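Note on naming: letters A, B, ... go to the chains in the order of the sequence lines (proteins, then strands), and numbering restarts at 1 for each one. It should be emphasised that the depicted structure is a prediction, and the values quoted were computed from it without experimental measurement.
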Amino acid sequence: MDPQLDFLSEHFDPALALKQQPPLATPVKVKPLDNLNKCRFLLPPSDPNHKSLGKPKENQSSMGKKKEEWEIKKEEIDKKRAEMIIAIQQRAPVVDYRNVLEKIANRHAVGPLSVLHRCFVSKSRIRVWIRSIKAIKGILVGFLRAFDRHMNLVLLDVDEEVWESNVSEEMSQKKHRHFNQLFVKGDSVVMIKQDDSSTASTTTTTS
Amino acid sequence: GINAEYGGATQHETNPILSQMPRRRKRSPSRLTLVVMLQSLAGIEVMIELRNGTQLKGIIEYVDRGMNVHMLDLEVRTPQHKDTEQHVTRFQNLFISGRNIKYVQIPEKVDVGKTLDKYLEVSDKRGKMYQRSIRKAPVKERAIKNE
């Protein structure tokens with residue numbers, strides 16, 4: 001081995017080594033010195049620029065520290081989040097945000113159908129007159145669950161009283177039926193009255 | 001929304017599929033009446049009484065805007081008078097004009113408010129799925145695009 005090309009000899013010539021073709025095989029287990037500062041430990045100790053090797057950085061432990069700190073932070077954040085969720089749940093009760101039937105009814109809070117709206121809000125029993133072709137067919141008495149502008153109604157706990165046509169009301173046979181939930185189409189509705197024992201009876205009519 | 005690329009034309013005018021479809025009104029008027037409530041009863045067995053007293057007991061398949069009802073698996077009872085007998089007929093499939101409906105008897109266990117709210121929630125979600133501006137490609141497609 002030419003001493004000029006031998007890395008470990010004192011006659012090593014780096015310029016010559018670099019010009020070699022094919023390039024010299026570099027020793028495997030050598031740590032590259034990236035800058036001059038790192039070369040200081042190679043100088044003799046008497047040299048003013050010499051710097052002895054300090055303790056190597058404990059890379060593993062610094063990463064470990066960071067991880068720990070992060071995990072502690074994470075725990076705190078999770079705790080806070082959990083507390084917030086509990087606080088929110090306790091503060092605001094779960095509201096069914098849609099309530100479409102109420103929304104429809106509220107469109108008629110003002111106007112002639114406000115009478116119906118009042119019955120809807122007060123959840124009072126109402127009396128509905130139902131028509132046949134030329135006469136009154138009968139009455140429905142029930143609680144108002146929903147209504148709209150056509151006077152379509154949803155009634156609860158309904159008692160129906162029907163009488164035959166062509167006979168006067170007193171003389172005709174009255175048939176009774178009961179329904180738990182009934183949708184009534186507004187076509188058939190003639191008149192609606194609030195069936196409370198209150199002094200002022202409210203009425204609303206449709207032709 | 002307004003598409004700046006096409007000089008202010010809306011999606012409905014530029015998109016070849018949307019332009020052929022009927023335009024949806026922004027605040028659908030059926031939301032303001034109780035027709036939606038009947039529409040939410042699809043799949044439930046009810047008893048519909050008609051203006052002439054006929055009773056139809058069956059499962060609601062579909063109710064449209066005019067309250068016309070399509071029913072399945074029916075039992076039809078003709079009105080009872082003192083002179084006439086009552087006939088009971090069964091039908092698989094029946095379409096009844098909305099004009100002829102007097103009552104719809106809803107079974108007690110059905111909570112009208114809840115069924116309606118659920119129905120509207122589902123139909124809103126479905127409607128949103130088909131809006132091109134909002135619709136996102138499924139996750140796989142997006143991953144391939146991002147590569």
* Where on B:Met47 is there a heavy atom nearer than 4.5 Å to chain A: the side chain, the backbone, both, or neither? -> neither
* chain B heavy atoms under 4.5 Å from A:Ile133: which part of the residue, side chain, backbone, both or neither? -> neither
* To do: Hey, could you give me the NZ/CG distance between B:Lys102 and A:Asp187, rounded to the nearest 0.5 Å?
  => 11.5 Å
* Would you tell me whether A:Gln194 and A:Ser124 have side-chain atoms, one donor and one acceptor, within less than 3.5 Å of each other? => yes
* Asked: Checking heavy atoms, do the side chain of B:Leu116, its backbone, both or neither come under 4.5 Å from chain A?
  -> side chain
* Structure fact -> Highest number of heavy-atom pairs under 4.5 Å with chain B among A:Val158, A:Asn180, A:Val184 belongs to A:Asn180
* Which bit of B:Leu38 is near chain A, if near means a heavy-atom gap under 4.5 Å: side chain, backbone, both or neither? -> side chain
* Structure fact -> Exactly one of B:Arg90, B:Gln55, B:Lys57 clears side-chain hydrogen bond (donor to acceptor under 3.5 Å, both in side chains) with B:Glu75, and that residue is B:Arg90
* Aromatic rings A:Phe147 and A:His117: how do their planes relate, parallel, tilted or perpendicular, breaks at 30° and 60°? -> perpendicular
* How long is the span from the CD1 atom in B:Ile106 to the CD atom in B:Glu45, to the nearest 0.5 Å? -> 13.5 Å
* What part of A:Ile130 gets closer than 4.5 Å to chain B, counting heavy atoms only: side chain, backbone, both or neither? -> side chain
